Amino acid sequence: MNKKSILAPFKGWKYLFKKPVAIPMDDIFKNPRESQDNYRGFHINDWETCIGCGTCAEICPTNAITMVERSDVEDVEGSKPERPVIDYGRCCFCGLCVDICTSGSLNLTKEYLYNSSEPEDYLHMPTSEGITGKEYKLGYIQDETSDLLDLERKHMEHVGAEKRKSSFIEIVRGFSKEQALAESARCVDCGICTKTCPANMNIPEYIKSVWEGNLEEGLDYLYKTNPLPSVCGRICTHECESVCALSHRGDAIAIRWLKRYIVDNMPDDKYEEIVLSQVSKKGEGKVAIVGAGSSGLSAAYYLATLGYEVDVYERKPMAGGPMRYGAPKYRLPDAVTDHDISFIEKLGVKIHTNTDVGKDITLDELKKTHNAVFVSTGYPDTRALKIPGVDHKDVKMAMSFLAAATEYERGVAAMPDIKEDVVVVGSGDVAFDVARTLIRFQNEKYGKMNVQMLALETAQQVPATPEEVTEGVEEGIHMNLGFGPQTIQIDKESGDIKGIEACECIRLFDDNNRFDPQMDFDAKMCLETQQVYLAIGQVSDLSYIPKELQDKITIERGKIKVDAEGQVDGASWLFAGGDIVHGMDIINGVADGHRAAVGIDKYISKNKK
Amino acid sequence: MKEIKLFLGPQHPGMHGNASIHMYVDGDIINRAYLLPGMLHRGFEKSMERRTWMNNIALIPRICVPEPDTNEMVFAMNIEALANVEVPERAHWIRMLILELARLSAHLMAFGGCGGPTGLYTAMYWAQADRDLILTLFEEITGQRIYHMYIVGGGVRKDLPKGIEKKILDFVDDLERRLPDYEDLILNNPSILARIKDNIMLPAEVVWELGVTGIGMRSATGLEYDLRKVTPYARYDKVEFDVPTATYSDAYARLNIKYLEMYQIIRIIRQVLDMMPGGKVRAKVAEGSALRWRIPKGQVYSAVEASRGEYGYYTVSTGETMPYRVAVRGASFPQGLLGIEKYLPGHRIDDAPLWFDTMGVCSPEIDR
């Protein structure tokens, strides 16, 4: 062993006079070291942004997060009044809760020092204050790279505009198995949609069934709250999607298309087995239902599952109401409506078509022969427009035109009389149904088209669903927005319509947000046209209710006042639901029918005792 | 003299990690020895079957505390192999950076760690202080110092923070300058050499008998068996480095190789930073939210070169949201469990901790 080697270790002595790298204990508390920018420290949660979905608690690998209901958080649509509580005795600071937060409210700070002698203090409900209440810096935060949600909706194949505008072929193709599995895998199972759905459908549950490949269970869930799933899987207004937790940072789950996937992919025999197995008891009694729209059919189905004998009266030749005589077949083919109705009939519901209550049979008669009556007669008529020239024969009403159009589509009537140049007044879903049907008819009859749309609303105010607008414009509708019709001009010599004059609408709602359009009569324009279609809203027709009964019950603006279970104020044997209670919406109708069935069951059971 | 039973660890300054050795000694010579693992048993493998593919990221780093990133890496490699996912190019290079920094920190800990059992506490202090600087780099890149939870299926969780390259380079430059001080302090120190030269032998036959890999194997057989060279993962085939070997494995040879490897790590880190490409850092491994990721059916074994040897996970997936089975091949299992029973007897009591240190044993790998 040489000398050099003996002295070598003593070279370390050169560090004797250097500043030590160790941090004194005193500094740790008095002058704590600031952690790095990306540090995963204690949580903060912005309560304004947080929707209480509980996805953080769901993913937490240490089960450190519990969702706790707060009475001081308002229970509004699209959220839950719950906020996460983090148990720092369990938390491992992995930050997965931040990566998956649906609203982006949860983040981590650079804070890492916290001390308390009370064990309970380590259960912390983070707010935007930070755990110590002192100023903090953000640490590990959510970004695109570490995102654990799948924000993009799976592509749904549509028939192209060129192909579809001359036929009534169904536009939406429906999900394939792969697409449905991928789409259902995006769901975080929070259930915020269920609360918003008027029928409170078990949405997360049936999406999970799709994801698990258990469509039978999925169908079972659908029928618990909705006996028209094939129809709703196509034309529901899907309020659920507008509150979907994923919509905060990405695309909402395609809930409607997943529902459709279940019903479209279930063999009929299995379907029948599941639907018929829902019968729960043998109720005794008879119930009459007036109007075979969504509400009436829904009430009929649930009453039948409770064992009641149900008679449904429908004045049209086919059951279905607007599903049959309103929705164009490119959105809702007849076979789909048939499919749903056939299972309702299989439960023993008798549907009497071509029977107009009020004419062929009176409400009083129904009252005598049945234990209870449910009325759901909908909004069958188009709202009138009071302008000069509106009485002309070439001014058509949306609802009667759509009914005639569907009759032609199913081959039981001739094509309605269509002109080459037409104007549709209105910009709601019905107006688009009319305009898009007209496009198809014109292409068929003339090989060309010219459909103009005229509406008070501006592009931002258009009440129709966005896809209607996009698809309608793709098909070639010319939009004239922000103008109110004033006069329908009639050629004096021929007596035909030659145009419609309109003024610019400068204000649609007053300061109290009430509908009160104001026109600038100097800003005029004129659209040349041969026909005008009015689609500015629908109204009810309650003329079948006798005068004496009308006096006993409350009817406000065409709507009947009912209690929570659909029982009409002032006539305990009478129940009502659907458009005539809540306004136009198919899923509201389904929900009303279900609630009324429960109410009717209670009413009949009580009267028997 | 009467044989007495003596416990080494788990609470002992000379003990590496949370395990205990039960020794039957006669004087200061060990007659028989048994490892008592399980001090950290968290049922890792079983727990992994009850956690989703993503949630496991919070559990697996714990299987080796000083070098947790190899766990994340092999698990991620398995997910990618099963799901047939292409990892973005940049992620490969970031992963190499992380793995090499982790190897450097583990080597420092073990190299300086020989100071505990030999009474040369300076070595331990230096190494811990330098290792801490690496932990600060980790803190900046991944958000935590010890359990990084950073390498995930499909890539890495976040991109590198701005300006980190310079900080890493400054650190490795500094460390490289001071490595000769370590050499003088430990490898040229007569009092240490007296303990490690020609002591705690690992003959080549024992390597083959037990299945020892890593530095143990390279120091005894002269084979350049390093998975980074033999079956390159990430982009190890794109960087240049040497694999130090020896044909006579005493404690000195193994410590010396560890020391030489630190230069190679620094060499790799510099190349990685130099060749770091741009682009994305994470690819999607499955459809949907992390709560519903399903990894396709199949079974796969992936291994990487950890500081202690071949470290691998064998993963079976049944196509569900959680692994069906994960088995861990802990690099220190052969020498740590079997080696102690068979080859520790005959040594002196005070060599037992040195044996543990220089053989490369990380006790949670034995527990798992």
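Remember, predicted model here, so these are calculated numbers, not experimental data. Letters go in sequence order (proteins before strands), and every chain restarts at 1.
Heavy-atom neighbours of chain B within the stretch residues 250-259 of chain A, taken at a separation under 4.5 angstrom, are nonexistent.
Put simply, the side chain of N38(A) does not reach to within 4.5 Å of the side chain of I141(B), judged on heavy atoms. The closest side-chain heavy-atom distance from P9(A) to S191(B) is not below 4.5 Å. Annotation: side chain of Q144(B) is in contact with side chain of Y39(A) (closest heavy-atom distance under 4.5 Å). You'll find the side chain of R292(B) reaches within 4.5 Å of the side chain of K208(A), heavy atoms only. For the pair V21(A) and Y125(B), the minimum side-chain heavy-atom distance is 4.5 Å or more. Counting heavy atoms from C-beta outward, R294(B) and W211(A) have side chains that approach closer than 4.5 Å. Looking at heavy atoms from C-beta onward, D189(A) lies out of side-chain contact with L291(B) at the 4.5 angstrom threshold. Side-chain contact between L96(A) and M149(B): absent, with no pair of heavy atoms (C-beta onward) separated by less than 4.5 Å.
Both the backbone and the side chain of D143(A) come within less than 4.5 Å of a heavy atom of chain B. Contact of Y147(B) with chain A is made through the backbone alone, with heavy-atom distances under 4.5 Å. Only the side chain of R51(B) has a heavy atom closer than 4.5 Å to any heavy atom of chain A. Only the side chain of R62(B) comes within less than 4.5 Å of a heavy atom of chain A; its backbone N, CA, C and O stay farther away.
Annotation: R50(B), atom CZ; neighbour count of heavy atoms from other residues, nucleotides and ligands within 6.0 Å does not exceed 12. Atom NZ of K280(B) is surrounded by 12 or fewer heavy atoms from other residues, nucleotides or ligands within 6.0 Å. Atom OH of Y324(B) has 12 or fewer heavy atoms from other residues, nucleotides or ligands within 6.0 Å. In E320(B), the CD atom is crowded: over 12 heavy atoms of neighbouring residues, nucleotides or ligands sit closer than 6.0 Å.
Atom-to-atom distance recorded for I100(A):CD1 and M54(B):CE is 9.0 Å, nearest 0.5 angstrom. To the nearest 0.5 angstrom, W126(B) atom CH2 is 5.0 Å from Y15(A) atom OH. Put simply, CD on E144(A) and CG on D159(B) are 11.5 Å apart, with the number rounded to the nearest 0.5 Å. Of the inter-residue distances, the one linking C92(A) atom SG with I57(B) atom CD1 reads 10.5 Å to the nearest 0.5 angstrom. The CG atom of D184(B) sits 10.5 Å away from atom CG of L7(A), with the distance rounded to the nearest 0.5 Å. Here the straight-line distance linking atom CD of E212(A) with atom OG1 of T321(B) works out to 9.5 Å at 0.5 Å rounding.
Nearest heavy-atom pair, L149(A) versus S289(B), reported as atom, atom and distance to 0.1 Å: CD2-CB, 4.1 Å.
Heavy-atom pairs under 4.5 Å with chain A were tallied for L133(B), L187(B), T136(B); the largest tally goes to T136(B). Interface remark: of the candidates L181(A), T62(A), D147(A), D37(A), D147(A) forms the most heavy-atom pairs closer than 4.5 Å to chain B.
Within the structure, salt bridge (Lys or Arg N to Asp or Glu O under 4.0 Å) contacts touching residues 132-143 of chain B (residues at least two apart or in different chains) are R33(A)-E139(B), D132(B)-R145(B), E139(B)-R145(B), E140(B)-K167(B).
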D181(B) vs K14(A), salt bridge (charged side-chain N to carboxylate O under 4.0 Å, His left out): CA-CA, chis, key distance, verdict: CA-CA 10 Å; D181(B) 287 351; K14(A) 69 180 173 188; 3.1 Å; yes

Steps toward salt bridge (charged side-chain N to carboxylate O under 4.0 Å, His left out) verdict (K284(B), D150(A)): CA-CA 9 Å; K284(B) 213 162 96 171; D150(A) 189 351; 3.3 Å; yes

Test log, rule side chain to side chain contact (heavy atoms under 4.5 Å, CB included), inputs Y140(A) and R157(B): CA-CA 11 Å; Y140(A) 186 92; R157(B) 238 167 124 188; 3.2 Å; yes

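Counting only N and O atoms by type, the side chains of K158(B) and S146(A) include a donor and acceptor under 3.5 Å apart.
For the pair R282(B) (side chain) and T145(A) (backbone), a donor-acceptor distance under 3.5 Å is present.
By the 4.0 Å N-to-carboxylate-O rule, E287(B) lies close enough to K154(A) to be salt-bridged with it.
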